[in-house]
Number of protein chains: 2
Amino acid sequence: MTQATEAARRREPKALRREQLINATIDSLAKRGYAATTLADVADGAGLSRGIVNFHFASKDNLLTETIKFLQDEYTANWQAMLSRAAPDTVSQLLAMVTADLDKKICTPRKIAAWFALLTEAKTRPSYHQLAWERDEKYRTTLASICRTAKQEGGYRFDPQSTADAIYAMQEGLWLRMMLFGRSYRRETALSVVLDILSTIFPKHFAADGTPLKIHEEDHQRR
Amino acid sequence: MTQATEAARRREPKALRREQLINATIDSLAKRGYAATTLADVADGAGLSRGIVNFHFASKDNLLTETIKFLQDEYTANWQAMLSRAAPDTVSQLLAMVTADLDKKICTPRKIAAWFALLTEAKTRPSYHQLAWERDEKYRTTLASICRTAKQEGGYRFDPQSTADAIYAMQEGLWLRMMLFGRSYRRETALSVVLDILSTIFPKHFAADGTPLKIHEEDHQRR
DNA sequence: CGCTATTGAATGAACGTTCAACAAATTTGT
DNA sequence: ACAAATTTGTTGAACGTTCATTCAATAGCG
């Protein structure tokens, strides 16, 4: 590296270097898996020297905790933003939730792989477990409340919490499929599966061909 | 250990000792996770000495491959047996498939945890990947064919393959939930979520209260 | 010059694998 | 029938490697 770029690199603020290392961590998790990810891999991936991670993150454990926190923050911020930007009708809200989960920004092979690599270890790591639980709870309760509204609007018989659980579980299952069989199972495939099942579960909210319908409430009250 | 029991232990055939070590591996994977599972853990768990695994399995890698193979064989054999024992009507077949997935024998905390621990590493290990793919394909195509029959019987509009994918993904998602939040999310909870969503997806096959109905061949046309 | 970021070599712990020694079981020879 | 020889299963110590962490030395910055 030339001295000019070396100087420029050195001037980067701390937060940027941390993010750079977190990204190298995600890369390594996706490429090599949890067990085979070493600090040397991460440092090499970031183009930096061996001791650098312990300087910025104190320990490998902490680096991984910060990585899962990064992924979880990005995930939650993304669906919450998409939800608030969506139209207020039930179908739009529902679609916002499920397309956020499969959003191009979130749902990349490397991020999915890294997420599962960390999540699987969450069982034995309290700090990961806590983060997984938070992600879960927020999304799940929001989805359940949308299902409750939809039930009133469509006069459905299902139990809203149970249906929300089923939809959420299905999405996590599709993530798993994408992680394992990403070559044949992509975002677009998963999205069409989700849309199909939604139009089956909420038939009054979708046309026969699956087109979303906005339901107007003459005799229903919202939220 | 007394000499008598020591002698008895030594007489156990090779296959039994292998299964004993595989079980200790599942225990360790569930308790400590993939990364922290060592051969010393496995040997200690089985109450045997350090070098024993390399004698029976040649390498750690091979032990783990045999473990995932063991779990996958048990899983597949279980649902195929339950399916063949079930009544021939569509609802019974469908229920056999989904209850097999959540069967008490298969769906234990330790087996779920071990399965995910190994599966997550499958991305980077061709031999695991192959096994995961096999498990997937068999179950998925069987489920799709049942959905196809149900569609004819109930005059549903859904795409059978897509619906089967959604159901299967949901089940894997519920496994993930059980792994992560096993204290609050158990087999019984997951099962009720599955049954709820099935009666939503196949309304003609279930009564309003969710009771399964056997459909007879008169209803075959419509829409 | 003090301060902060970075480097890379040194350290020590953990782990998979190997192997010589031993013990039990089984086969062979007489 | 029984001892010797051989095979099979098991042990635990030794070995070499890998890895996270530490730290003294260094370089850029204001």
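Keep in mind the model is a prediction, meaning the values are calculated, not measured.
One atom, CZ of A:Phe57, and another, P of C:dA5, lie 13 Å apart when rounded to the nearest Å. Here D:dT22 presents its C1' atom at 14 Å from CZ of A:Phe55, a figure rounded to the nearest Å. Atom-to-atom, NZ of B:Lys14 to P of C:dA24 comes out at 19 Å; the value is rounded to the nearest Å. One interatomic measurement links the two molecules: CZ of A:Arg50 to P of D:dT21, which rounds to 15 Å at whole-angstrom precision. Taking atom CG on A:Asn54 and atom C1' on D:dT21, their separation rounds to 5 Å, with Å as the unit. Counting to the nearest Å, the P atom of D:dC15 and the CG atom of B:Leu39 are 20 Å from each other. In this structure, CG of B:Asn62 is placed 13 Å from P of C:dT18, rounded to the nearest angstrom. The separation between B:Ile52 atom CD1 and C:dA23 atom P is 16 Å, rounded to whole Å.
Regarding contacts with the backbone of C:dT17, every side-chain N or O of B:Lys60 stays at 4.0 angstrom or more from both OP1 and OP2.
Take B:Phe181 and apply the ring pair (Phe, Tyr, Trp, His ring centres under 6.0 Å) test, not counting sequence neighbours, and it matches A:His129, A:Trp133. Legend: residues meeting side chain to side chain contact (heavy atoms under 4.5 Å, CB included) with B:Leu83, ordered by chain and number and at least two apart, are B:Trp79, B:Gln93, B:Ala96, B:Met97, B:Thr142, B:Ile146.
Here the side chain of A:Thr38 is nearest to one of C:dT7, D:dC19, D:dG12, namely D:dC19.
Heavy atoms from other residues, nucleotides or ligands lying under 6.0 Å from NZ of A:Lys31 number 12 at most.
Taking 4.5 Å as the limit, every side-chain heavy atom of A:Phe116 sits out of range of all side-chain heavy atoms of A:Met178.
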